[in-house]
Student: 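A single structure is presented below for examination.
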2 protein chains.
Amino acid sequence: MIRVVVADDQTLVRSGFALILGAEPGIEVVAEAVDGAGALAAARHHLPDVVLMDIRMPGMDGIEATRHITSSPITAGVRVLVLTTFAADDYVVAALRAGASGFVLKDTEPADLVRAVEVVAAGEALLAPEVTRRMLDRFARAEKAVLTLPPLTQREHEVLVAVALGLSNLEIADRLVVSYSTVKTHVSHLLTKLEARDRAQLVMLAHRAGLGG
Amino acid sequence: MIRVVVADDQTLVRSGFALILGAEPGIEVVAEAVDGAGALAAARHHLPDVVLMDIRMPGMDGIEATRHITSSPITAGVRVLVLTTFAADDYVVAALRAGASGFVLKDTEPADLVRAVEVVAAGEALLAPEVTRRMLDRFARAEKAVLTLPPLTQREHEVLVAVALGLSNLEIADRLVVSYSTVKTHVSHLLTKLEARDRAQLVMLAHRAGLGG
DNA sequence: ACCCGCCTCGGTCTGGAGAGTGAGAACCCC
DNA sequence: GGGGTTCTCACTCTCCAGACCGAGGCGGGT
């Protein structure tokens with residue numbers, strides 16, 4: 001039996017979801033909440049499998065409540081399924097950062113809502129297709145932003161990584177088991193190839209290229 | 001009518017998927033391919049709505065083929081739904097970077113596979129629950145990884161940002177309209193506070209703290 | 001009035017960074 | 001064998017980075 005808490009400030013919406021879920025044989029709605037604080041309290045008290053959380057609520061909003069639930073050891077294991085009307089980017093990202101396990105739109109078919117609850121209760125995550133598309137776009141854009149480095153030799157690449165870690169030439173020499181002079185040669189080549197002036201710019205470029213975390 | 005190309009090197013698997021999809025009223029399998037090159041050729045020739053793409057294939061693999069399909073203007077609009085046995089992180093990330101619109105596991109129920117094809121054909125994106133979970137974890141980890149800096153004064157913060165950009169002390173002095181000596185003082189304080197040895201480490205720490213892009 | 005933190009500036013001194021040059025060894029390709 | 005690239009190492013020289021010192025102005029808090 002999947003135990004669910006439904007949190008939404010709009011009575012009609014909340015009742016509707018509770019009815020839909022309650023009608024399902026394997027699902028039981030153990031509590032309802034009208035704001036974030038209530039949702040948090042219900043989560044702590046009932047320790048449900050899933051909290052169906054609206055984002056826009058008076059007082060503590062759904063994002064904040066989600067953050068508390070997912071970060072508190074007391075409510076560890078309680079999954080949050082976020083509900084919203086629009087798939088606005090800011091909401092999605094904020095909800096994901098807050099630790100939400102799912103993101104579904106309010107115009108979802110009842111059957112899909114039930115399925116989403118079941119999936120999330122099983123420990124999986126699920127996003128509405130529109131939301132997934134937006135996330136993938138973000139992913140793609142984030143990846144395109146990285147700097148592409150000119151072709152570097154194997155050794156130069158290793159030295160660049162070491163430089164990006166903040167190591168001195170002497171430390172790099174020790175790390176790669178070569179002489180101090182050799183390291184300086186490689187660094188000098190890197191400065192030329194990457195059109196950098198000093199190792200500080202080298203560190204910057206390496207990080208922008210995704211080499212240093 | 002949704003037109004689909006099925007690409008998989010394993011004959012049984014390929015035929016199975018083609019049968020499942022072909023049996024659906026709204027779906028038509030227009031071509032099959034046994035490797036990445038064949039998938040790419042079929043995509044260019046038939047311009048299907050969806051290419052069902054296996055990752056592991058001889059010669060050009062599914063990732064590479066996906067990259068070609070999504071980046072070529074000829075096959076613009078052709079969606080790629082990636083199929084795999086395991087939700088290995090590297091595969092997922094690589095597929096997403098390559099521009100895949102979906103990611104489903106081979107043990108998916110036939111009905112869910114059909115649904116995935118329909119969703120992807122509609123221009124949306126869809127990920128298998130396990131895959132979504134992994135992506136969310138990545139998201140969460142990427143956010144948690146940022147370094148928290150010790151309290152810095154306003155001026156120190158400005159100098160740190162400038163250092164992170166790769167500027168020299170003289171350039172920073174010009175940028176902030178102060179003397180060279182003043183910049184050195186601030187930098188020296190930064191080195192002490194952040195427990196860094198030189199400005200290279202300062203650049204690294206600044207980037208890890210999310211100050212430099 | 002006093003203290004304290006921040007910002008400002010100047011001085012000296014040491015060490016490492018980086019430029020520039022030359023050169024030997026290993027490897028691959030034609 | 002000759003030409004190319006890469007990796008290796010050494011030497012000189014210049015210059016900035018950074019440590020360390022002191023000091024004045026300015027604002028807030030006791």
Student: To the nearest 0.5 Å, tell me how far B:L40 CG sits from B:E64 CD.
Tutor: 9.5 Å
Student: Pairing donors with acceptors under 3.5 angstrom, does anything connect the side chains of B:T185 and B:S188?
Tutor: no
Student: Please say whether more than 12 non-hydrogen atoms of neighbouring residues, nucleotides or ligands are located less than 6.0 Å from CZ in A:R56.
Tutor: no
Student: C:dA17 P sits how many Å from B:Q201 CD, rounded?
Tutor: 11 Å
Student: In whole angstrom, give the distance that lies between atom NE2 of B:H189 and atom P of C:dT8.
Tutor: 12 Å
Student: Which part of the nucleic acid, if any, lies within contact of B:S181, taking any heavy atom under 4.0 Å across all strands shown: a base, the sugar-phosphate backbone alone, or nothing?
Tutor: base
Student: Return the value, rounded to whole Å, for the distance between atom CZ of A:R197 and atom P of D:dC16.
Tutor: 10 Å
Student: Expressed as a whole number of angstroms, how long is the span from B:E171:CD to D:dC15:C1'?
Tutor: 15 Å
Student: Separation of A:H186 atom NE2 from D:dC7 atom P, in whole Å?
Tutor: 6 Å
Student: Please determine, for the side chain of B:Q154, which listed nucleotide (C:dG18, D:dG18, C:dC7) has the closest atom?
Tutor: C:dC7
Student: Answer yes or no: does a side-chain N or O of A:S179 lie under 4.0 Å from OP1 or OP2 of D:dA10?
Tutor: yes
Student: Whether A:Y180 contacts C:dG16 is assessed here as follows: a side-chain N or O lying under 4.0 Å from the phosphate OP1 or OP2. Is that the case?
Tutor: no
Student: Between A:K184 and B:L176, name the one whose nearest nucleotide on DNA chain C is closer to the 5' end.
Tutor: B:L176
Student: Look at the side chain of A:S168 and decide which nucleotide, out of C:dA17, C:dT8, D:dT6, has an atom nearest to it.
Tutor: C:dA17
Student: Hey, does B:L170 reach any base, or is it just sugar-phosphate, or nothing, if we go heavy atoms under 4.0 Å?
Tutor: nothing
Student: Rounding to a whole Å, what distance do you find between A:R155:CZ and C:dC27:P?
Tutor: 15 Å
Student: Below the 4.0 Å mark, does C:dG18 have OP1 or OP2 next to a side-chain nitrogen or oxygen of A:R199?
Tutor: yes
Student: Do the side-chain N or O atoms of A:T182 get closer than 4.0 angstrom to the phosphate oxygens (OP1, OP2) of D:dT8?
Tutor: no
Student: Think B:S188 has a side-chain N or O under 4.0 angstrom from the OP1 or OP2 of D:dC20?
Tutor: no
Student: Measure CG/B:N169 against P/C:dA17 and give the value in whole Å, please.
Tutor: 16 Å
Student: Between the main-chain N or O of B:I27 and the side-chain N or O of B:R3, is there a donor-acceptor pair closer than 3.5 Å?
Tutor: no
Student: Give a yes or no on whether a salt bridge exists between B:E24 and B:R115, defined as a side-chain N under 4.0 angstrom from a carboxylate O.
Tutor: no
Student: Find the distance A:D198:CG to C:dA19:C1' and express it as a whole number of Å.
Tutor: 13 Å
Student: Determine whether a donor-acceptor pair (one donor, one acceptor, N or O, separation below 3.5 Å) exists between the side chain of B:T185 and the base of C:dC9.
Tutor: yes
